[in-house]
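Numbering starts at 1 and runs along the sequence shown. From a predicted model like this one, the values you see are computed outputs, not experimental measurements.
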Amino acid sequence: MKRIVTITALLIWVFAASLAWAQALPTAPPEEVGLSSQKLTRVTQVVKAEIAKGRYPGAVALVARRGKVAYFEALGQRDPQVGTPMTKDAIFRLYSMTKPFTSVAVMMLVEDGRILLNDPVSKYIPKLKGLQVSVPRVDAQTGKVTYALVPVEREMTIQDLLRHTSGLVYGSFTSHTGVKEAYAKEGVDWNGVTPAEQIERLAKVPLAHQPGAAWEYSLSTDVLGRVVETVTGATLGQFLQERIFAPLKMTDTGFLVPNGKIARLAQPFSKDPVSGNAVALLDVTVPQKNDAGGAGTAGTTSDYARFSQMLLNGGQLDRVRLLGRATVAHMASDHLGDIRVASPILARGYGFGLGFAVRKETGLNAMTGSAGEYRWGGAGGTAFWIDPKEQMVVVWMTQGQPGPRRGEDRDLFRQLVQAAIVD
């Protein structure tokens, strides 16, 4: 009788576990999808070595090709303060990997006929009408730089927001001193402000560029979130949950990690290994003042893989369609052309589509990759890329202090994964 009870309990546990992973993508041995098991083992070895060096506490990595997951590993620690092992269902602060969610939301409204890409942003947010542009002037004799304000030549559009050609910036990133100082004076930010406060403050500062004249990474996607809220009457979080996360069964993604899931939240080292400074990341365990469309969500590797696979599939996954194939193709095309790139954040060989960087050439960039691949990353250490040519989706999750080192970690991982493509 005791044996029957034990077996029954085991079966219940197995069934419960299978339900927990019921929404995972199908799996396959690496060779079945043209990847090398040996090379993927090398990925694991190198990541373990990097963790041992103290580069980051732990990582979760997933590689899917031809619609099937061939590599999915959780390595190191989820919480280095208490030594909790990393798990595949760990939740990570996504930072700028929130931007593709917001961009997809906007394109869904475009498909609904509620937005046009060439609509002026002021149609939805009147406070952003009539902005001025800060133009540097250099004194020929003294070399002193001053800034003059000139009217915009045209209003920023929804397309400008999606491709970061709006003239908005991130105050902490921009090299435009005049705009940087204005952002600091008015307290322009994405965190710790309400939606109304964010727009009010943006309306008081000048643009760094004429709309459509230059690419600069910016608060544009936050403004897109405000557009979604204006058009739908819902918060951005509500819209994403109802129209994207729930349909795709992304059960662990959102702007708030609820109490029952906080233990699964991946944590950084208490101090940055390089600077020695205390690490302070976004607190996603308490409600934020606004749903920041450019940086505010948290989620799991599996959830992001489902979102990415939906895009690779042309807008649908598991018979659920979010976008049309032509819309996804439009998003994943370069929308910059000869527009000047005013920020080093956009890597050589890449343009920018409607929500993510788009690789224009197989060459030029130091990293191996295919023309047509699109990708982005998050300041806390996360990254993803989608390669239509190779039919591949890759998600990389770590958690640490924002900075250049996160990019180095991602590049090493990317180099190893690309080397595993053999067929």
Student: Could you verify whether a donor N or O on one side chain and an acceptor N or O on the other, from Tyr304 and Thr382, lie under 3.5 Å apart?
Tutor: no
Student: With sequence neighbours left out, which residue pairs that include part of residues 372-396 fulfil the salt bridge (charged side-chain N to carboxylate O under 4.0 Å, His left out) condition?
Tutor: Arg65-Glu390, Glu373-Arg375, Glu373-Arg414
Student: Checking Gln159 against Asn118 for the side-chain contact (heavy atoms from CB on, under 4.5 Å) test, could you report, in this order, the C-alpha distance in whole Å, the side-chain angles of both residues, the deciding distance, and whether it holds?
Tutor: CA-CA 6 Å; Gln159 183 188 30; Asn118 59 1; 6.0 Å; no
Student: Quick one, Tyr350 with Trp385, criterion ring pair (Phe, Tyr, Trp, His ring centres under 6.0 Å). Give me CA distance, side-chain angles, the key distance, then yes/no.
Tutor: CA-CA 13 Å; Tyr350 284 82; Trp385 75 88; over 10 Å; no
Student: Can you tell if the side chain of Met156 reaches within under 4.5 Å of the side chain of Leu168, non-hydrogen atoms only?
Tutor: yes
Student: For residues Pro287 and Leu256, determine if any side-chain heavy atom of one lies less than 4.5 Å from a side-chain heavy atom of the other.
Tutor: yes
Student: Find the distance between CG (Leu109) and CD1 (Ile158) and round it off to the nearest 0.5 Å.
Tutor: 9.5 Å
Student: Test your reading of the model: is there a side-chain donor-acceptor pair from Lys180 to the backbone of Thr174, 3.5 Å cut-off?
Tutor: yes
Student: Where is the tightest heavy-atom contact between Ala203 and Leu131, given as atom of each residue plus distance?
Tutor: O-CD2, 3.8 Å
Student: What I'd like to find out is whether the side chain of Gln418 reaches to under 4.5 Å of the side chain of Met392, using heavy atoms alone.
Tutor: yes
Student: Of all heavy-atom pairs between Pro151 and Gln210, which one has the smallest distance, and what is that distance?
Tutor: O-NE2, 3.1 Å
Student: Work out which heavy atom in Ala298 is nearest to a heavy atom in Val257; give both atom names and the distance.
Tutor: CB-CG2, 3.9 Å
Student: Answer yes when Arg264 and Asp252 have at least one side-chain N-carboxylate O distance shorter than 4.0 Å, and no when they do not.
Tutor: yes
Student: For Ala59 and Thr398, work out which heavy atoms get closest and say how close.
Tutor: CB-CG2, 3.6 Å
Student: Parallel, tilted or perpendicular for Phe173 and Tyr170, by the 30°/60° rule?
Tutor: perpendicular
Student: Starting at OG1 of Thr98, measure out to CH2 of Trp190 and round the result to the nearest 0.5 Å.
Tutor: 8.0 Å
Student: Should Phe101 and Phe239 be marked as a ring pair (Phe, Tyr, Trp, His ring centres under 6.0 Å) after you check the CA-CA gap, both sets of side-chain angles, and the distance that decides it?
Tutor: CA-CA 10 Å; Phe101 298 153; Phe239 185 87; over 10 Å; no
Student: Nearest heavy-atom pair of Arg325 and Arg321: which atoms, and what distance?
Tutor: N-NH1, 3.8 Å
Student: What do the steps show when you test Val104 against Met331 for side-chain contact (heavy atoms from CB on, under 4.5 Å), and what is the final call?
Tutor: CA-CA 9 Å; Val104 166; Met331 294 180 71; 4.0 Å; yes
Student: To the nearest 0.5 angstrom, please state how far the OG1 atom of Thr301 sits from the CG atom of Leu62.
Tutor: 7.0 Å
Student: Looking just at side-chain N and O atoms, do Thr87 and Arg78 make a donor-acceptor pair shorter than 3.5 Å?
Tutor: yes
Student: State which residue, out of Arg226, Gln198, Glu197, Glu229, fulfils the side-chain hydrogen bond (donor to acceptor under 3.5 Å, both in side chains) condition with Asn290.
Tutor: Arg226
Student: Any side-chain to backbone donor/acceptor pair from Asp318 onto Val320? Under 3.5 Å, distance only.
Tutor: no
Student: Would you kindly say whether Glu111 and Thr327 are connected by a side-chain donor-acceptor distance under 3.5 Å?
Tutor: yes
Student: Working to the nearest 0.5 angstrom, can you tell me the gap between Ile244 CD1 and Thr253 OG1?
Tutor: 10.5 Å
Student: Tell me whether Gln132 at atom CD has more than 12 heavy atoms from other residues, nucleotides or ligands lying less than 6.0 Å away.
Tutor: yes
Student: Does the side chain of Thr177 come within less than 4.5 Å of Tyr147's, by heavy atoms?
Tutor: yes
Student: Examine the side chains of Ser166 and Ser220 and answer whether a donor and an acceptor come within less than 3.5 Å of each other.
Tutor: yes
Student: Which pair of non-hydrogen atoms, one from Leu281 and one from Pro268, has the smallest distance, and what is that distance?
Tutor: CD1-CG, 3.7 Å
Student: Applying salt bridge (Lys or Arg N to Asp or Glu O under 4.0 Å), name anything that partners Lys127, two or more places apart in sequence or on another chain.
Tutor: none
Student: Tell me whether Trp215 contacts the main-chain N or O of Arg163 through its side chain, where contact means a donor paired with an acceptor under 3.5 Å.
Tutor: yes
Student: I'd like to check Gln401 versus Ser275 (side-chain heavy atoms, cut-off strictly below 4.5 Å). Are they in contact?
Tutor: no
Student: How many angstroms lie between atom CG of Leu224 and atom CG of Leu236, to the nearest 0.5 angstrom?
Tutor: 9.5 Å
Student: Do Ile91 and Lys261 come within less than 4.5 Å of each other through their side chains, counting heavy atoms only?
Tutor: yes
Student: Does any N or O in the side chain of Arg410 come within less than 3.5 Å of the main-chain N or O of Phe413, such that one atom is a donor and the other an acceptor?
Tutor: no
Student: Can you find a heavy atom in the side chain of Thr44 that is under 4.5 Å from one in the side chain of Lys48?
Tutor: yes
Student: Donor-acceptor check, side chain of Glu186 to backbone of Tyr183, threshold 3.5 angstrom: yes or no?
Tutor: no
Student: For the backbone of Arg348 and the side chain of Asn365, can you confirm whether one donor and one acceptor N or O come within less than 3.5 Å of each other?
Tutor: yes
Student: Go through the side-chain N and O atoms of Gln238 and Arg243 and say whether any donor and acceptor fall under 3.5 Å apart.
Tutor: no
Student: Does one side chain, of Thr165 or Asp160, offer a donor that lies under 3.5 Å from an acceptor on the other?
Tutor: yes
Student: The test is side-chain contact (heavy atoms from CB on, under 4.5 Å); show your working for Phe92 and Val60 and say whether it passes.
Tutor: CA-CA 10 Å; Phe92 294 82; Val60 180; 3.8 Å; yes
Student: Without swapping roles, check the side chain of His335 against the backbone of His330 for a donor-acceptor pair under 3.5 Å.
Tutor: yes
Student: Going by side-chain hydrogen bond (donor to acceptor under 3.5 Å, both in side chains), Gln267 matches just one of Gln81, Gln399, Arg93. Which one?
Tutor: Arg93
Student: So Lys68 and Leu25, do their side chains get closer than 4.5 Å, heavy atoms only?
Tutor: no
Student: Go through Ile339 and Phe352 one step at a time and tell me if the side-chain contact (heavy atoms from CB on, under 4.5 Å) criterion holds.
Tutor: CA-CA 10 Å; Ile339 292 175; Phe352 210 85; over 6 Å; no
Student: Roughly how far, to the nearest 0.5 Å, is CD1 of Ile386 from CE of Met310?
Tutor: 8.0 Å
Student: Picking from Tyr95, Phe356, Tyr217, what satisfies ring pair (Phe, Tyr, Trp, His ring centres under 6.0 Å) with Trp376?
Tutor: Tyr217
Student: Answer yes when Arg55 and Glu408 have at least one side-chain N-carboxylate O distance shorter than 4.0 Å, and no when they do not.
Tutor: yes
Student: Hey, what's the ring geometry for Trp396 with Tyr56, parallel, tilted or perpendicular (30° and 60° as the breaks)?
Tutor: perpendicular
